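Data first, discussion second: the structure below is written as structure tokens.
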Amino acid sequence: MSTEREKQVAAEAAAELVENGMTVGLGTGSTVAYLLPALAKRSLDILCAATSPATEHAARELGLRIEAVTSIDRFDVTIDGADQIAPDGWLVKGGGGAHTREKIVAGAAEAFVVIADSTKPVPALRSPVPLELMSFGLRATIRRVAGGASGTVTLRDVPLSPDGGVIADYRGPVKDPAELAARLSSAPGVVAHGLFPPEMVAVVLVGRGESVERTDLAGR
Ligand code: 5RP
């Protein structure tokens, strides 16, 4: 079974969780690209906000009602993809460099639903961990984040984020995601990193063949 089909079945299952009247955060990426038509097809009375210009454009084209994230203080549900999903619910996100906005919209949701194909669950997280960095003081931030001999930080050859951030990747040990997340968050100049903790995640929907495997994490 193709991973594309698995993304689609996971995305369609997530669309079924959305109800009339909800405010919905929309993530970014190729899995979310399957969510948008599935949501539009349901013709619900919902308000959506997007985490990237690409998602916003695609959602509008499909007739979904979109408002700026800036004018919304909470979401009933946010649905987004992931690059890696650990057994304990830690995620790596930001393959598309949208992790700062994605973290804000996931963190503001009553329920954050992760959708993925069967290549995304991993036995343990590994680098690269995406970063968004301020351009001011970039060299000093890179040196600090790399943490001596243990890691490296490479800049991605991509445009700045819509918020002016520099997109980069940390490579190094990810043995303890909580410890690494705390270290990355405490470095001045790091706008956001791509490690998302399990406490942020309510439901994981993974497409396997034609089926969807559901894991509930909220309340752990
Ligand atoms: C973008 C992301 C995406 O959700 C993540 O990269 C997964 O993408 P895809 O659904 O294309 O596999 O974090 O910043």
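Both ligands and their constituent atoms are indexed starting at 1 by order of listing. If you're wondering where the values come from, they're calculated on a predicted model, not measured in any experiment.
- Summarising the local packing, CZ of Arg74 is surrounded by more than 12 heavy atoms from other residues, nucleotides or ligands at distances under 6.0 Å.
- Close approach to Asp83 involves these atoms of ligand 1, each under 4.0 Å from a residue heavy atom: 5 (C), 6 (O), 7 (C).
- Distances from atom 1 (C) of ligand 1 to the heavy atoms of Lys93, Glu102, Lys103, Lys120 show the closest one on Glu102.
- Distances below 4.0 Å separate heavy atoms of Asp80 from the following atoms of ligand 1: 4 (O).
- Using modelled atom types and a 3.5 Å distance limit, the side chains of Thr154 and Arg171 yield a donor-acceptor pair.
- Side-chain atoms of Ser118 never come within 3.5 Å of backbone atoms of Arg208 as a donor-acceptor pair (strictly under, hydrogens ignored).
- Annotation: side chain of Val92 is in contact with side chain of Pro130 (closest heavy-atom distance under 4.5 Å).
- Inclusion of Ala98 in the set of residues having an N or O under 3.5 Å from an N or O of ligand 1 is warranted.
- Remark: ligand 1 atoms within the under-4.0 Å shell around heavy atoms of Thr28 are 1 (C), 2 (C), 3 (C), 4 (O).
- When each of Leu91, Thr78, Thr51 is checked for a side chain to side chain contact (heavy atoms under 4.5 Å, CB included) with Glu102, only Thr51 meets the rule.
- A single hydrophobic cluster is not seen to contain both Leu138 and Val191; linkage of ILVMFWY side chains at heavy-atom distances under 4.5 Å, directly or through other members, places them apart.
- If you number the atoms of ligand 1 from 1 as listed, the ones under 4.0 Å from a heavy atom of Gly96 come out as 1 (C), 6 (O), 14 (O).
- Residue pairs meeting the salt bridge (charged side-chain N to carboxylate O under 4.0 Å, His left out) criterion with at least one member in residues 172-186: none, sequence neighbours excluded.
- Using a 4.0 Å cut-off to heavy atoms of Gly81, the atoms of ligand 1 that qualify are 4 (O).
- Only the backbone of Ala82 comes within 4.0 Å of ligand 1, judged by heavy-atom distances.
- No side-chain donor-acceptor contact under 3.5 Å links Lys103 to the backbone of Gly194.
- Think of Val9 as one node in a network of Ile, Leu, Val, Met, Phe, Trp and Tyr side chains linked at under 4.5 Å; its network also takes in Leu17, Val18, Met22, Val24, Leu26, Val32, Leu35, Leu36, Leu39, Leu44, Ile46, Leu62, Leu64, Ile66, Val77, Ile79, Val113, Ile115, Val203, Leu205, Val212.
- Of the protein's non-hydrogen atoms, Ser30 OG, 2.5 Å is the one closest to atom 11 (O) of ligand 1.
- Taking only non-hydrogen atoms, the option from Gly27, Gly94, Ala11 nearest to atom 13 (O) of ligand 1 is Gly94.
- For the pair Val32 and ligand 1, the shortest N or O to N or O distance does not fall below 3.5 Å.
- Close approach of ligand 1 to Gly97 (heavy-atom distance below 4.0 Å) involves ligand atoms 14 (O).
- Contacts with ligand 1 closer than 4.0 Å are made by no heavy atom of Asp117, backbone or side chain.
- Each of the atoms 9 (P), 10 (O), 12 (O) of ligand 1 lies under 4.0 Å from some heavy atom of Thr31.
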